2 protein chains.
Amino acid sequence: MKIGIIGGGAVGLLCAYYLSSRHHVTVFTRRQEQTDAINARGIRLVKDGKEFNAECGAAAGVASGYDLLIATVKQHQLSGVLPSLMNIKATNVLFLQNGMGHIHDIEHWHTDHSLYVGTVEHGAVRKSDTAVEHTGIGAVKWSTFRGSRPEALENIFCGMHSDFPVYYETDWYRLLTGKLIINVCINPLTALLRVKNGELLSCAAYKEYMRKVFEEAEAILRLDDSDEAWNRVCGVCRQTKNNHSSMLVDVMAGRQTEADAIIGYLVKEAGNRGLKAVHLPFLYGSIKALEGN
Amino acid sequence: MKIGIIGGGAVGLLCAYYLSSRHHVTVFTRRQEQTDAINARGIRLVKDGKEFNAECGAAAGVASGYDLLIATVKQHQLSGVLPSLMNIKATNVLFLQNGMGHIHDIEHWHTDHSLYVGTVEHGAVRKSDTAVEHTGIGAVKWSTFRGSRPEALENIFCGMHSDFPVYYETDWYRLLTGKLIINVCINPLTALLRVKNGELLSCAAYKEYMRKVFEEAEAILRLDDSDEAWNRVCGVCRQTKNNHSSMLVDVMAGRQTEADAIIGYLVKEAGNRGLKAVHLPFLYGSIKALEGN
C-alpha cells in the first residue's frame, strides 16, 4: 500500500520507519532540505545503541494517490495542513496529535476524506532530518472518527514489528479522553512546580490540588468511570515518578508547550457548554505566561 | 532622640531621611562602602524630580544607646539581624517587614527588648547607596507586639512631614493580616499569570480562582469580617489595575520574591494548626520554582 506521513518530526519519522517494512512510504515535509535528505538516505532508526535503515521517499506537498495519510504534525501546525488536504482525492486520514485541540479543528471540517484519530505512546527523539531514536517502546492506538470504517486501516497496520504494535480501539472519544485526563493532571502542574511526576503524589497538598484539576476536567469530559480514571492518573504518576513531563521539559527549554492541545481544549469546551472552570483557566494562563517569557 | 535604622535599602533610607528631621539617625548597613558613603554625604531624597538632603550617620554593626531601632531588612535577612540584637541593652525595636513570615521568627524570641511591628505603604526605590526616590506617598502604621507600650514611640513619631505620616494601630494582628490578605490574593496569581492587577477582576475565571485563594487564607488567618476583607482585596485590584505587583516584578527580574514572607507564613500556619490548604502550597511551590529558574 502507499502511505503518506505528513510531518518529519520524531513521530513522523518513527511511523515512516516502521511502516516502510510493509508499505511504500512517503514523508511530506515543509523543508526542501529534509525532503532531499530523506530521498537521498532514507530513514535511520536508533534503538538500544543499534542502527537500522529503511528506504523511504519524501516530497514537499501532500498529493493524491495514497491509501492512507497520517498527520503527525503538532496541533498548532494543523491549520497549515488541513487546506492542502482539501485539494486531493478522498482517502483515509489518520490524525496523531497529542491532546484534543485538533478535535475542534476537524469536527466541523467539510471534507470527503475518511477521518481517524489515534494516540502515540512511544518515546521518540528526532536526531537529525533523517534519523530518529526510539527511546521508549509503547503503542499506537487508533479509532474511526468520521466517515470511516476500521476495515480500511486494519489491513495496513497488521503485521507490524513487535516494537511498534498498532491497536484498534472502538471508541475514539474514550481513547483520546483516556489519555487527555492523564496529561491534563500531570503536565501543567509539574511544569509550574518544576517537579518530577512522582512528587504530585508524595506531597499531599499537590495531590489534593491535582485532584481538584481532575474533578474539573472529568466533569467537562463526562468520563464514564471516574474512579478508574483517577486510579490511572495516580498509576502513571507512580510509574513515571522519576520522569520530567513533556510540558516541564518544554518550559525548561523555552519552547512552545502543548498547553493549547491539552488544557486549551478543555477551557474551550467548558466555555462552549457553559460549564464553570476555575483551575484549568488558571493553569492555562500560567503556562501560556511561562511560554511568553 | 537617637534612632537606629537597620538596613540601607529603599525603606531604610526613606525612614532615615524623614526621621532625620527631628532625630539623630544612624543607618546600620552590612557594607562598609555604604556606611562610608552615608557618613560622607548623608541621605538624598528624590521626590517629583526635586532633591532633598538630610544629615545622617551610619555604622557597621548594631549598638546600644538608641531609643528606637527600626529593622527594615527583608524577612529572609532577619536571621542575620536577630542575634546581633541579643548583645545590646534592652530598647524599643520596630519590625517593618512585608508579609508575616517574621512573626514566626520573633514570636518565640527570648529578648528583653520591647517589640513593635508595622507596615509600610509608601512607594520607594533605592537609587544608590545614599539616595532613595519617594515614588508613592502612603503611610507607616505600627502597633505594639510584645513587652511594649505605645507611649514609648508616639513621641518619636509625632510631627513627621505630611508626606510621611505615621499611624498607631491598636491591634498588631489586625494590622498585619489586613495587609497580608491583600498581598496573598494579588501577588502570587499576578506573578504566575504575568498579568496586571486589574486582570484578576476582569477575567472571571481568575477572579474565581482568587476567591478560592482568599477563602483558604482567611480561614487560616481567622479574619473577623470576611466580606469587608474581600471587598478590600477587590478594591486594591481596581485601584492598582494598571500596576504590576511586586512579586511579578521580582519574577520578571529574576530576583528572590517575598513568597516566604507572604505565602510561606500561611502554609506554615496551616501546617502548625492542622488546617487543610491546597491552593496556597501549590502557589508557594510554583513561585519558588520560578525563583529557582
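All of these numbers come straight from a predicted model, not from anything done at the bench. Proteins come first, then strands; the chains are lettered A, B, ... in the order of their sequence lines, and each starts at number 1.
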Exercise. Starting at CG of B/L290, measure out to CD1 of B/I287 and round the result to the nearest 0.5 Å.
Key: 5.5 Å
Quiz prompt | Separation between CD of A/E133 and CG of A/L13, rounded to the nearest 0.5 Å | solution = 13.0 Å
Exercise. Indicate the atoms forming the closest heavy-atom contact of B/A289 with A/L193, along with that distance.
Key: CB-O, 3.3 Å
Quiz item: So, do A/V46 and A/V132 sit near enough that their side-chain heavy atoms are less than 4.5 Å apart?
Solution: no
Practice problem: Apply the side-chain hydrogen bond (donor to acceptor under 3.5 Å, both in side chains) test between A/N98 and each candidate in A/K74, A/E258, A/Q75; give the one that qualifies. | Solution: A/E258
Practice problem: Specify the closest pair of heavy atoms between B/A124 and B/T135, including all atoms of both residues, with the distance to one decimal. | Solution: N-OG1, 3.5 Å
Quiz item: Given side chains that start at C-beta, do those of A/L223 and A/I181 come closer than 4.5 Å, heavy atoms only?
Solution: yes
Quiz item: Do any of residues 99-111 of chain A come closer than 4.5 Å to chain B, heavy atom to heavy atom, and if so which ones, in number order?
Solution: none
Self-check item: Test applied, ring-ring contact (aromatic ring centres under 6.0 Å, His included); reference residue, A/F145; option that passes from A/Y116, A/W172, A/F95
Solution: A/W172
Self-check item: Atom pair CG (A/L176) and OH (A/Y265), whose distance is rounded to the nearest 0.5 Å
Solution: 8.5 Å
Quiz item: Looking only at atom types and distance, does a side-chain atom of B/R194 sit under 3.5 Å from a main-chain N or O of B/A191, one as donor and one as acceptor?
Solution: yes
Quiz item: For A/S143 and A/E169, what are the C-alpha separation, side-chain angles and deciding distance, and is it a side chain to side chain donor-acceptor pair (under 3.5 Å)?
Solution: CA-CA 5 Å; A/S143 188; A/E169 300 275 335; over 6 Å; no
Practice problem: Spell out the residues in residues 200-210 of chain B that have some non-hydrogen atom less than 4.5 Å away from a non-hydrogen atom of chain A, in order of number; otherwise answer 'none'. | Solution: B/A205, B/Y206, B/E208, B/Y209
Exercise. For A/E215 and A/K212, run salt bridge (Lys or Arg N to Asp or Glu O under 4.0 Å): C-alpha distance rounded to whole Å, both residues' side-chain angles, the deciding distance at 0.1 Å, then the answer.
Key: CA-CA 5 Å; A/E215 284 167 6; A/K212 290 193 183 294; 5.6 Å; no
Self-check item: Residues of residues 229-249 of chain A with any heavy atom under 4.5 Å of a heavy atom in chain B
Solution: none
Exercise. Might you confirm whether atom CZ of A/R126 has over 12 heavy atoms from other residues, nucleotides or ligands at distances under 6.0 Å?
Key: yes
Quiz item: Going by residue number, which parts of residues 270-283 of chain A are within reach of chain B, meaning a heavy-atom gap below 4.5 Å?
Solution: A/K276, A/A277, A/V278, A/H279, A/P281, A/F282, A/L283
Quiz item: Under 4.0 Å between a Lys/Arg side-chain N and an Asp/Glu carboxylate O for A/E121 and A/K141?
Solution: yes
Quiz item: Sub-3.5 Å donor-acceptor pair from the side chain of B/Q97 to the main-chain atoms of B/A261, do we have one?
Solution: no
Quiz item: Got a sec: does the CZ of B/R174 have more than 12 other heavy atoms crowding it under 6.0 Å?
Solution: no
